[in-house]
Amino acid sequence: MVGSTPHHRCCPNRQPLGLITGMLALLPLLTLCARSAADSGLNAMAPPSTVDLTTLQKIIDEKALLWNTSFSVGFYTDELGLQGVAGGPNDRAKKGDRVTPHHRFPVGSVTKPFTAAAILQLHDAGYLDIDDPIAGYVDPILRRLNGTTMLELWNGDTTSLKVTLRMLMQMRGGLHDYNDTWYEQVTWFEGGHDVTPFELLHRLNKTWTCPPGTCGVYASTGFELLGLVLAEAAGVSSWEDYDQLSVIPPDLRGGYPDLTFPGRGPCSLDPLIIHQYGTGSTLRKFKGDVGNGTFNITIRDLYNSSCLNGWTCGNIAAAPSNVARFHYDLHHLRIVSNESLAAMMAFLPTTKGWNPQLYGLATMQTFPPAGKAWSPDPTNSSYTVGHAGADYGSIGMLAGFNMMHDFGIALFAGSSNNMNCSMPANMTVDSEAYFYDTLCPLYDEILQIVTDGAAARLNCSACPRTVPWSSCMSAGNVEPSCKAYFESIPCGQNKTIADNRYLCDLCVGKYRANGTAVCHSKAGLLSMCPTSVPLPKASPQMACNWSLIV
């Protein structure tokens, strides 16, 4: 059970999973249980109000030009409808081809709340319990399509029988993640290779990061197992036949014109999916003498690479406005019950891995809470809960629901890096500085639109073109001296996302693990971790040369 709240009385009692086969077709009726009476007439939405997006368009055009990439931002309320603007190039081989608000961005883990919501719909309907071990639900499809059980996949390790659906949705199943270096190389060099869920599961390191339920470690692989549960519940013959759009109730589906979940094949099969430009973090090479102020970076257009992207852990391709609407509908109880939404919002800290943070059931804080020296928002008016994501050539670090002002919002970018070669090196190779520089003024303007000018303005000029990496701060498990150091750094002094994330990784990872907490200077950190790879040297004179592989 999720918490102690009883099911809505219109929902049937929980039944064995075997009775669900073919029943997902009835979920549109069952998910009506998850909506409040006030939302019962939403199959014909009111036409959107006329909204002045002139300033928003001006901002996004300026930022797309500044960072030499494409951006698209969208937001949603019932009163305003789907709203969005876009700027920047799409296909760089075609002069004048520009992104539009209807272009669909592959944004990886932005998929996860959709998958979790579909599982929670089954929970709300009484057909499974998210606190049950997943083996009992996933074994039938594993036997049928893969000739194994979960126990056999884990080589007879009975620990696998302790992993529950809730644990997997909250990154507490103890699983390892997939090999990101391998997956990136497949995407770059084997564009026709569709990595299936079974391939990911067979390649997975079957040891445990911790006993299930005892730590938090980000692992997308658990969402492959959740996807297989959904396919089995739908009664389809193959995992490929599961309709991921079925999470959207039929009476709302017309409000999602640009939401897709691609299957096998290249992204180019859908003409509305953008061209994505990736540098490949493990493939980036600095050629020549960096001291001379130049280095070469190769980028690749991933348009003809597989768009399967991890299936139910990462295959969404959508316009930001449509993702914004999903999070709005989710928080307005049109997708899951109030009980299930509360479970999604029950945050626990991840305690190991690459990105310490607070994590719910496929939810995270995608814009930082206020009250810290590094926050551009002292009133917390931009506090957003949802899920970020990225592929190897596009990124969506904001996608969620604004908790104070009641709207959905999402911002996506069409490249994995800033592509303006006139920037200092640390701004060019950093995969997030360009995104957050663009996010702050766009979010500020959207707040003014949604609240009709009532919201406090965000302070987007405090640290020009940089917002410090803050997810480690929100996790609440950073050593006190590290936290004090982060908050004391003035603007312009090691105030790039790359610097701050680097420090965060050292403090949370090596330092906390070693039981020490010396975080008073970057030099001190580096001296204590001599094996760490230092950041690329930053100099205003440094420039880059891009070469494009189409």
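What you see is a predicted model; the values in this text were computed from it and never measured. Below, all heavy atoms of this structure are taken into account, side chains as well, without hydrogens, waters or symmetry copies.
Interatomic distance, Phe326 CZ to Tyr76 OH, rounded to the nearest 0.5 Å: 13.5 Å. A distance of 3.5 Å separates CG in Leu153 from OG1 in Thr148, rounded to the nearest 0.5 Å. One finds the CG atom of Asp391 at 10.5 Å from the CZ atom of Phe412 (value rounded to the nearest 0.5 Å). One finds the OG1 atom of Thr260 at 11.0 Å from the CG atom of Leu269 (value rounded to the nearest 0.5 Å). Interatomic distance, CZ of Arg104 versus CG of Leu259, reported as 8.5 Å (0.5 Å rounding). Between atom CZ of residue Phe401 and atom OH of residue Tyr328 there is a gap of 7.0 Å, rounded to the nearest 0.5 Å.
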Residue pair Asn304, Ser268: steps toward the side chain to side chain donor-acceptor pair (under 3.5 Å) verdict: CA-CA 6 Å; Asn304 290 309; Ser268 56; 3.0 Å; yes

Check against side chain to side chain donor-acceptor pair (under 3.5 Å), Thr221 and His176: CA-CA 7 Å; Thr221 43; His176 285 272; over 6 Å; no

Check against side chain to side chain contact (heavy atoms under 4.5 Å, CB included), Gln244 and Leu230: CA-CA 9 Å; Gln244 289 171 260; Leu230 292 170; over 6 Å; no

Side chain to side chain contact (heavy atoms under 4.5 Å, CB included) assessment of Glu152 paired with Leu142: CA-CA 10 Å; Glu152 290 166 342; Leu142 284 176; over 6 Å; no

Residue pair Arg203, Tyr178: steps toward the side chain to side chain contact (heavy atoms under 4.5 Å, CB included) verdict: CA-CA 8 Å; Arg203 294 183 63 91; Tyr178 59 83; over 6 Å; no

Verdict with supporting geometry, His331 and Asp406, side chain to side chain donor-acceptor pair (under 3.5 Å): CA-CA 9 Å; His331 282 263; Asp406 192 29; over 6 Å; no

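Between His275 and Tyr303, the angle of the ring planes stays under 30°, which puts this pair in the parallel group of the 30/60° scheme. Under the 30°/60° scheme for interplanar angles, the aromatic rings of Tyr183 and Tyr392 are found to be tilted. Ring planes of Trp208 and Trp154: parallel class, angle under 30° (limits at 30 and 60°).
Between Asp157 and Lys206, none of the side-chain N atoms (NZ, or NE/NH1/NH2) sits under 4.0 Å from a carboxylate O, so this pair counts as no salt bridge.
Put simply, the residue from Ile141, Asn146, Ile134 that forms a side chain to side chain contact (heavy atoms under 4.5 Å, CB included) with Leu228 is Ile141.
Ser109 and His387 are not linked by any side-chain donor-acceptor pair at a separation below 3.5 angstrom, with hydrogens and angles left out of the test. At a cut-off of 3.5 Å, with distance as the only test, no side-chain donor of His327 or Asn402 sits close to an acceptor on the other residue.
Looking at residues two or more places apart in sequence or on another chain, you find a side-chain contact (heavy atoms from CB on, under 4.5 Å) between Asp194 and Arg264, Ser306, Leu308.
A centroid separation of 6.0 Å or more is found between the aromatic rings of Phe198 and His202.
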